[in-house]
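Working notes, beginning with the structure itself.
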Amino acid sequence: MVFDVVIAGAGIIGSSIAWRLAQRGLRVGLFDSRTMGGGSSWAGAGMLAPGGEAGDDRDFAQQLLSSLRAWPDFMRELSEESGESIDYVACGALDFAFSDDELAKLGRRAARNESFGVRVERLNVPEIRSIARDLPEGLAGAYHYPDDAIVDPRDVMRALRRVCDRCGVSVFEGCAVRMIDTGGNGVRVATDGGQVCAEAAVLSAGAWSGEIEIKGMPLPSSPDSYPVKGYLVVHELAAGTLGPIRRREGTYVLQRSSGRVLSGSTEERSGFDSSFSEDMAADLEKRAAALVPALRNRARVDAWIGFRPGTSAPRPAEGRCGDSALWVAYGHYRNGILLAPQTAENVSRGIIASLGRR
Ligand code: GLY
């Protein structure tokens with residue numbers, strides 16, 4: 001089999017890159033050891049939320065903001081081309097504080113976020129009430145991030161599947177890439193289905209990227225890749241109950257248009273341990289109910305764990321490895337869904353330019 005580009009990993013990142021390349025006429029082979037979007041992309045909550053995720057790295061914050069701005073057009077184009085509806089809600093987010101100390105801490109974070117260009121405003125309790133119902137007792141105030149949003153990543157993956165099929169991307173599920181050799185002209189790729197040649201390859205296998213052997217050159221600054229396990233629990237409330245995403249420290253609660261309420265999360269470095277702890281889920285439910293009283297004593301309708309694509313580098317590994325035919329797009333950690341449009345644009349444009357295509 002010969003392709004212009006082989007992509008190792010068919011999560012939201014690899015699939016979005018595949019779509020962009022195929023739109024521009026390239027022959028793309030998209031490989032995944034499991035199913036398309038069946039790993040972290042299936043498990044993600046779909047937070048498009050620089051306000052909650054920006055941290056203290058200005059460049060990373062800019063990256064998050066730029067991808068957030070790309071989301072409405074990306075979503076519209078994907079939905080139109082696929083004919084699939086995508087649940088995207090520009091709902092904003094509220095960081096809750098229950099004491100003056102907590103409010104002061106959130107204020108410092110808000111000031112830093114604002115200096116990076118993230119829109120944020122401080123709200124008192126009556127102001128919070130004007131945009132959110134069913135508030136917990138004891139609120140001292142909140143910081144409102146009006147531009148934070150959410151999307152259902154499963155809708156996005158369903159749509160990406162369709163557009164990839166329509167654009168002629170060859171999708172190989174249950175077919176792992178084992179090795180990418182950049183030693184000659186282009187790349188030689190060993191897969192479970194045999195050897196494949198291409199002009200370029202993309203390593204976008206998320207938390208599983210470290211399992212793929214790279215020959216012919218070392219990875220640029222050798223950013224590592226490992227899973228960070230997280231839990232999500234789901235409840236049903238009347239649609240529109242929640243309004244903005246609610247956050248406090250490591251807990252967030254968001255509501256899909258259907259009414260489903262997702263609460264996250266946890267972080268564990270325990271390898272690919274897929275066991276499910278009732279205690280962890282129950283603790284998460286308790287934390288969520290402290291932010292949304294209507295969740296108290298409400299029966300859980302679903303729950304799962306997922307593996308975030310972690311890396312110890314401060315930002316995802318993204319771009320070309322030296323002047324080789326290997327491109328990387330992994331390590332998106334808590335922001336793979338948010339960063340997909342921008343990463344797909346950057347990597348696909350770079351590959352097309354490097355191959356001398358238009
Ligand atoms: N982006 C939210 C999380 O990773 O839990």
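Both ligands and their constituent atoms are indexed starting at 1 by order of listing.
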Could you list each nitrogen or oxygen of ligand 1 that sits under 3.5 Å from a protein nitrogen or oxygen, with the atom names and the distance?
residue, atom, partner, partner atom, Å
ligand 1, 1 (N), Arg334, O, 2.8
ligand 1, 4 (O), Arg308, NE, 2.6
ligand 1, 5 (O), Tyr252, OH, 2.6
ligand 1, 5 (O), Arg308, NE, 3.4
ligand 1, 5 (O), Arg308, NH2, 2.8

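In this view, Thr251 and Arg287 satisfy the side-chain hydrogen bond (donor to acceptor under 3.5 Å, both in side chains) rule, not counting sequence neighbours. Listed by chain and residue number, Asp192 satisfy the side-chain hydrogen bond (donor to acceptor under 3.5 Å, both in side chains) test with Arg178 (two or more places apart in sequence, or in another chain).
Not one N or O on the side chain of Glu77 forms a donor-acceptor pair closer than 3.5 Å with the backbone of Phe74.
Within the structure, ring-ring contact (aromatic ring centres under 6.0 Å, His included) pairs that include any residue of residues 85-111 do not occur (at least two apart or interchain).
Between Ala313 and Asp224, the closest heavy-atom pair is N-OD1, 4.2 Å.
Using cut-offs of 30° and 60° for the angle between ring planes, the Phe31 and Phe172 rings count as parallel.
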